[in-house]
Amino acid sequence: LAFEQAFPVNCDTVYAGETFKVVVRLTDNMELGSYSVDIHHNFDHHSHTTEMVQCELEPEKDPVNPFVYIEGRDIPEGLKSFTANLPISVPPDIDKGDYHFMIRVTDKEGWQSLKGFGIKILER
């Protein structure tokens with residue numbers, strides 16, 4: 001799901017009030033179908049990570065105005081490799097702190113892979 005130019009990666013920081021670009025390379029042995037991105041708070045320290053290294057977490061807190069982003073996109077037909085470039089705008093007035101970033105890729109046959117890790121959304 002990732003390559004050298006991938007962003008974000010485990011423990012990266014993005015900033016409230018700014019737009020960042022998700023850049024990932026998706027591959028399949030037969031044919032790709034679609035992908036989705038899910039960003040949600042991790043203020044209660046639950047886990048979806050597929051990474052070996054855990055990010056340092058801030059103290060637990062209750063969400064007041066957390067950022068939530070869920071979007072799915074189809075991949076053009078016939079591709080075994082696709083580089084996604086998805087801009088995501090983070091509102092300025094959301095809760096800052098620990099978030100999960102999850103990306104799912106589904107091939108044409110319905111098989112799915114998931115990559116999940118922690119990011120921080122902070123004030124610049």
Legend entry - Residue list, salt bridge (Lys or Arg N to Asp or Glu O under 4.0 Å) with E71, at least two apart or on another chain: R73

Inset, instruction - May I ask you to check whether over 12 heavy atoms, not counting those of D44, lie within 6.0 Å of atom CG? - result: yes

Legend entry - Listed once per pair and sorted, the salt bridge (Lys or Arg N to Asp or Glu O under 4.0 Å) pairs that draw on residues 87-98, sequence neighbours left out: K96-E123, D98-K120

Legend entry - L114 vs Q112, side chain to side chain contact (heavy atoms under 4.5 Å, CB included): CA-CA, chis, key distance, verdict: CA-CA 7 Å; L114 166 72; Q112 191 175 84; 5.6 Å; no

Legend entry - K61 atom NZ, over 12 foreign heavy atoms within 6.0 Å: yes

Legend entry - Single-linkage hydrophobic cluster, 4.5 Å side-chain cutoff, V22 and Y15 together: no

Legend entry - Exceeds 12 heavy-atom contacts within 6.0 angstrom, atom CD of Q5: yes

Inset, instruction - Not counting sequence neighbours, which residues clear salt bridge (Lys or Arg N to Asp or Glu O under 4.0 Å) with E51? List them please. - result: K115

Legend entry - Cluster check L86, L79: I/L/V/M/F/W/Y, side chain < 4.5 angstrom: yes

Inset, instruction - Kindly write out the residues that satisfy ring-ring contact (aromatic ring centres under 6.0 Å, His included) with H41, not counting sequence neighbours, or none if the list is empty. - result: F43

Legend entry - Heavy-atom side-chain proximity of S81 to R25 below 4.5 angstrom: yes

Inset, instruction - Mind listing the closest non-hydrogen atom pair of F20 and P8 along with its distance? - result: CE1-CD, 4.1 Å

Inset, instruction - With the side chain counted from C-beta on, respond yes when W111 and N29 share a heavy-atom pair under 4.5 Å apart, and no when they do not. - result: no

Inset, instruction - Apply side chain to side chain contact (heavy atoms under 4.5 Å, CB included) to S36 and I70, showing your working. - result: CA-CA 7 Å; S36 66; I70 300 171; 5.8 Å; no

Inset, instruction - Could you list the residues that satisfy side-chain contact (heavy atoms from CB on, under 4.5 Å) with P59, not counting sequence neighbours? - result: none

Inset, instruction - Following the transitive rule for hydrophobic clusters with a side-chain heavy-atom cut-off under 4.5 Å over Ile, Leu, Val, Met, Phe, Trp and Tyr, establish whether F7 and I39 coincide in one cluster. - result: yes

Inset, instruction - Tell me, please, which residues at least two apart from E18 pass salt bridge (Lys or Arg N to Asp or Glu O under 4.0 Å). - result: R124

